[in-house]
Amino acid sequence: QVQLVESGGGLVQAGGSLRLSCAASGRTSRSYSMGWFRQAPGKEREFVATITSEDINTYYADSVKGRFTISRDNAKNMVYLQMNGLKPEDTAVYYCASRAAYGLRIHQSDYDYWGQGTRVTVSS
C-alpha cells in the first residue's frame, strides 16, 4: 500500500501562486509515476499533470500548460505542483495519485493510489 497526503491548498487571488505538496509513504518506489488531478464543484475529476520517475518526463493538461509545473524529490518521496497565474477556473480540490508502473498516463483508472485532496480556491 502507498499512502498519499496532499497539502498546500488555500485561498488565493487571481494571478497568484500556490505550491501543492504530496507526501508518499508506505511501499513507495522510485519507479512509480505520479499525477495530479482536480475536481471542481459540480464537475468530473480531471487530469492536471503527471511525471515519471525513470527520466523525469512530464505532461500537462492544455488548461494548465505554461502555468503549472510538476516536480518530484525521490529522496524525500515528495511530489509538488507549482501553480502560477492562477485563475478562478482553477478552483477545485486537487488530488495526488500514484501509479505502480512506468509511463505517463492521464486517465484516473491508470492510477492505483489516491490522496484525500487539498482545496484550492481562486478569487476573482
Side-chain angles (χ1 to χ4, degrees):
Q1 289 282 353
V2 176
Q3 292 79 45
L4 302 172
V5 178
E6 303 94 336
S7 62
L11 173 64
V12 63
Q13 288 188 331
S17 298
L18 280 176
R19 187 195 196 202
L20 305 184
S21 299
C22 173
S25 61
R27 299 187 66 179
T28 58
S29 166
R30 296 181 182 182
S31 64
Y32 286 26
S33 295
M34 303 292 293
W36 286 95
F37 290 75
R38 67 185 182 185
Q39 187 167 19
K43 294 188 177 181
E44 301 275 330
R45 190 156 55 182
E46 65 177 5
F47 166 77
V48 175
T50 183
I51 185 168
T52 61
S53 61
E54 66 275 13
D55 56 4
I56 313 298
N57 279 338
T58 59
Y59 185 77
Y60 298 89
D62 288 342
S63 58
V64 306
K65 201 172 295 182
R67 299 188 298 123
F68 291 11
T69 302
I70 188 172
S71 62
R72 66 189 296 168
D73 184 335
N74 289 333
K76 297 180 179 179
N77 290 323
M78 296 290 295
V79 179
Y80 305 98
L81 186 68
Q82 177 67 44
M83 306 186 296
N84 299 328
L86 282 162
K87 304 175 182 180
E89 51 263 44
D90 294 318
T91 294
V93 176
Y94 283 73
Y95 297 90
C96 175
S98 71
R99 168 176 159 78
Y102 294 103
L104 296 170
R105 295 291 186 274
I106 66 171
H107 299 292
Q108 298 179 57
S109 58
D110 290 321
Y111 289 81
D112 303 287
Y113 302 101
W114 293 83
Q116 293 300 305
T118 184
R119 186 174 301 276
V120 172
T121 303
V122 184
S123 63
S124 57

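Residue numbers run from 1 in the order of the sequence given.
By the neighbour-count criterion of 12 heavy atoms within 6.0 Å, atom NZ of K43 is sparsely surrounded, having that number or fewer from other residues, nucleotides or ligands. Enclosure of atom CD in Q116 is not indicated, since only 12 or fewer non-hydrogen atoms of other residues, nucleotides or ligands lie within 6.0 angstrom.
One N or O on the side chain of Y111 and one on the backbone of R105 form a donor-acceptor pair closer than 3.5 Å. Side-chain atoms of D112 come within 3.5 Å of backbone N or O of A100 as a donor-acceptor pair.
Note on Y60: it does not cluster hydrophobically with Y95, by side-chain heavy-atom contacts below 4.5 Å among ILVMFWY residues. Linking ILVMFWY residues whenever their side-chain heavy atoms come closer than 4.5 Å, directly or via other members, places W36 and M34 in the same cluster. Hydrophobic cluster membership differs between L86 and V93, with clusters built from Ile, Leu, Val, Met, Phe, Trp and Tyr side chains linked at under 4.5 angstrom. Under the 4.5 Å side-chain contact rule for hydrophobic residues, F47 and Y32 do not share a cluster. Connection of I106 to F37 is established within a shared hydrophobic cluster, with ILVMFWY side chains joined at heavy-atom distances below 4.5 Å, either directly or through further cluster members.
Distance check: M83 CE to R19 CZ gives 11.5 Å after rounding to the nearest 0.5 Å. Residue Q13 holds its CD atom at 9.5 Å from OG of S124, rounded to the nearest 0.5 Å. For the atom pair OG1 of T52 and CG of N57, the computed distance is 4.5 Å after rounding to the nearest 0.5 Å. Here the OG1-CZ distance, from T121 to R119, works out to 6.5 Å after rounding to the nearest 0.5 Å. Note that the CZ atom of F68 and the OG atom of S17 stand 9.5 Å from one another [nearest 0.5 Å]. Distance OG/S53 to OH/Y102: 6.0 Å, rounded to 0.5 Å.
The minimum heavy-atom distance between T91 and P41, with the atom names listed, is O-CD, 4.1 Å. When all heavy atoms are compared, the tightest approach of A24 to V2 is CB-CG1, 4.5 Å.
Salt bridge present: D62 and K65 bring a charged side-chain N and a carboxylate O closer than 4.0 Å.
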| Criterion side chain to side chain contact (heavy atoms under 4.5 Å, CB included) on R99 and T50, from CA distance to verdict | CA-CA 10 Å; R99 168 176 159 78; T50 183; over 6 Å; no
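Using a 4.5 Å cut-off on side-chain heavy atoms (C-beta onward), W114 and R45 make contact.
When L11, L81, L18 are each tested for a side-chain contact (heavy atoms from CB on, under 4.5 Å) with V120, only one passes: L18. When each of D73, L20, I70, N74 is paired with V79, the side-chain contact (heavy atoms from CB on, under 4.5 Å) condition holds for I70 and for no other. Each of M78, K76, E6 was evaluated against S21; a single residue qualifies, M78, per the side-chain contact (heavy atoms from CB on, under 4.5 Å) test.
Looking only at atom types and distance, the side chain of Y94 has a donor-acceptor partner in the side chain of R38 under 3.5 Å away.
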